[in-house]
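The next block holds one structure in the form of structure tokens; read it before the comments.
Chain letters run A, B, ... following the sequence lines, proteins first, then strands; residues in each count from 1.
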Number of protein chains: 2
Amino acid sequence: MPQDPPFPPVEGRSTRQKRAVWAALASVDGFVSAKTLHHRLEERGDDVALATVYRFLQSQLEAGTVDSLLNPDDGEALYRICAAQTHHHHLVCRECGIATEFKVPEIDRLARTVAVNEGFSETVLTFDVFGICPACQSPSNHVD
Amino acid sequence: MPQDPPFPPVEGRSTRQKRAVWAALASVDGFVSAKTLHHRLEERGDDVALATVYRFLQSQLEAGTVDSLLNPDDGEALYRICAAQTHHHHLVCRECGIATEFKVPEIDRLARTVAVNEGFSETVLTFDVFGICPACQSPSNHVD
DNA sequence: TCGTAAATGAGAATCAGTCGCTATACTAGT
DNA sequence: ACTAGTATAGCGACTGATTCTCATTTACGA
Ligand SMILES: [Zn+2]
Ligand SMILES: [Zn+2]
Ligand SMILES: [Zn+2]
Ligand SMILES: [Zn+2]
């Protein structure tokens with residue numbers, strides 16, 4: 001049996017649902033919301049409860065295998081399997097979710113310095129850029 | 001009548017509710033959520049609907065008289081009347097909301113460069129640092 | 001194959017934020 | 001100063017996202 005189902009670094013037990021959600025997430029190249037992911041699963045015929053999608057994303061987030069960020073427009077959480085394993089930031093299209101990653105070591109160092117100077121601990125830095133990607137700028141290619 | 005109620009740079013008509021919300025916001029020195037602000041108003045006996053608080057904050061935000069940011073922990077929006085009028089960033093305590101401001105001119109330039117290189121337009125940059133302030137680190141002073 | 005802990009599904013609950021209709025502040029007469 | 005007209009403001013009800021509860025199902029080691 002060559003049926004080795006695509007196995008990602010999924011936390012806990014391996015279930016049909018987890019595999020399906022991971023596959024769906026992996027098939028997208030940009031950031032997506034839990035709801036969008038759920039829709040895609042429905043389209044494929046993969047029956048997974050929305051709550052399960054949320055739980056899966058949460059656990060993978062804690063495991064560090066997916067990135068997430070908040071859409072500043074509506075506060076909705078978006079998720080993605082990122083290429084880079086080390087700390088990085090995102091340039092995200094607020095229309096279609098497409099994203100590119102970039103690193104700015106100096107910024108992280110600088111932010112940490114500011115925090116230390118003020119005596120803050122457990123600091124977390126948010127640094128992402130939102131905009132409209134080239135494709136979404138030309139109405140013809142618009143994918144929303 | 002010396003009763004000249006404290007008049008802030010409030011947009012539009014002057015109403016009891018707007019004055020109350022502004023006063024409540026001004027009396028806090030850190031970032032607060034709309035809900036927290038609403039609670040404080042209740043405590044003072046100022047009767048203002050939560051929806052009105054949201055709308056007020058929204059309009060002041062557009063007018064540029066208040067700053068806002070998303071708490072990365074729960075996605076809740078936080079508001080504050082900031083000292084600096086020019087573009088700046090924040091070091092915020094995720095416990096009590098206390099914040100200090102800092103400026104990093106290079107970062108905006110850098111972000112814009114990244115965006116332009118990828119052909120993105122209408123870019124918006126989020127750059128803030130969250131952590132635990134010195135006061136909230138010592139359990140005795142904890143104010144949450 | 002069994003036993004057990006973990007995971008799922010369905011729906012209720014929660015929580016931030018928004019909407020549509022009503023009340024009111026302000027303005028242009030009178 | 002008083003009044004009607006009108007755009008703005010206020011507020012209860014609603015929406016949409018995310019989490020919780022718990023009965024049921026399932027993975028998987030013994
Ligand atoms: Zn990433
Ligand atoms: Zn796009
Ligand atoms: Zn500020
Ligand atoms: Zn604090």
Are A/D128 and A/F102 side-chain neighbours, meaning at least one heavy-atom pair lies under 4.5 Å? no
Taking atom [atom2] of [N] as reference, at what distance in whole Å does atom [atom1] of [X] sit?
X     : N      : atom1 : atom2 : value
A/D74 : D/dG16 : CG    : C1'   : 10 Å
B/R13 : C/dA25 : CZ    : P     : 9 Å
B/D73 : D/dT19 : CG    : C1'   : 16 Å
A/L61 : D/dT19 : CG    : P     : 10 Å
B/Q58 : D/dA9  : CD    : C1'   : 15 Å
B/L37 : C/dG17 : CG    : C1'   : 15 Å
A/R16 : C/dA6  : CZ    : C1'   : 16 Å
A/L57 : C/dA7  : CG    : P     : 15 Å

Which residues in residues 42-55 of chain A have at least one heavy atom lying under 4.0 Å from any atom of DNA chain D? A/L50, A/A51, A/Y54, A/R55
Connected via hydrophobic side-chain network under 4.5 Å: B/L25 and B/I98: no
With the criterion being N/O to N/O and under 3.5 Å, what pairs connect the protein with nucleotides 13-15 of chain C, and how long is each?
none

So, A/R80 and A/D67, do they make that salt bridge, N to O below 4.0 Å? no
Any sub-3.5 Å donor-acceptor pair from [X]'s side-chain atoms to [Y]'s backbone N or O?
X      : Y      : result
A/T123 : B/G131 : no
B/R16  : B/D47  : yes
A/R40  : A/S27  : no

From D/dT18, C/dA7, D/dC28, pick the nucleotide closest to the side chain of A/K18? C/dA7
Within the 3.5 Å criterion, strictly below it, is a donor on B/T52 or B/K18 matched to an acceptor on the partner's side chain? no
Judged by modelled atom types alone, do A/E11 and A/S59 share a side-chain donor-acceptor pair under 3.5 Å? no
Reckon B/A34 touches a base, only the sugar-phosphate, or nothing at all at heavy-atom distances under 4.0 Å? nothing
Check this one for me: any side-chain N or O of A/Q17 less than 4.0 Å away from OP1 or OP2 of D/dT26? no
For residues 68-94 of chain B, which residue pairs pass the ring pair (Phe, Tyr, Trp, His ring centres under 6.0 Å) check, not counting sequence neighbours? B/F31-B/H90, B/H87-B/H89, B/H88-B/H90, B/H89-B/F127
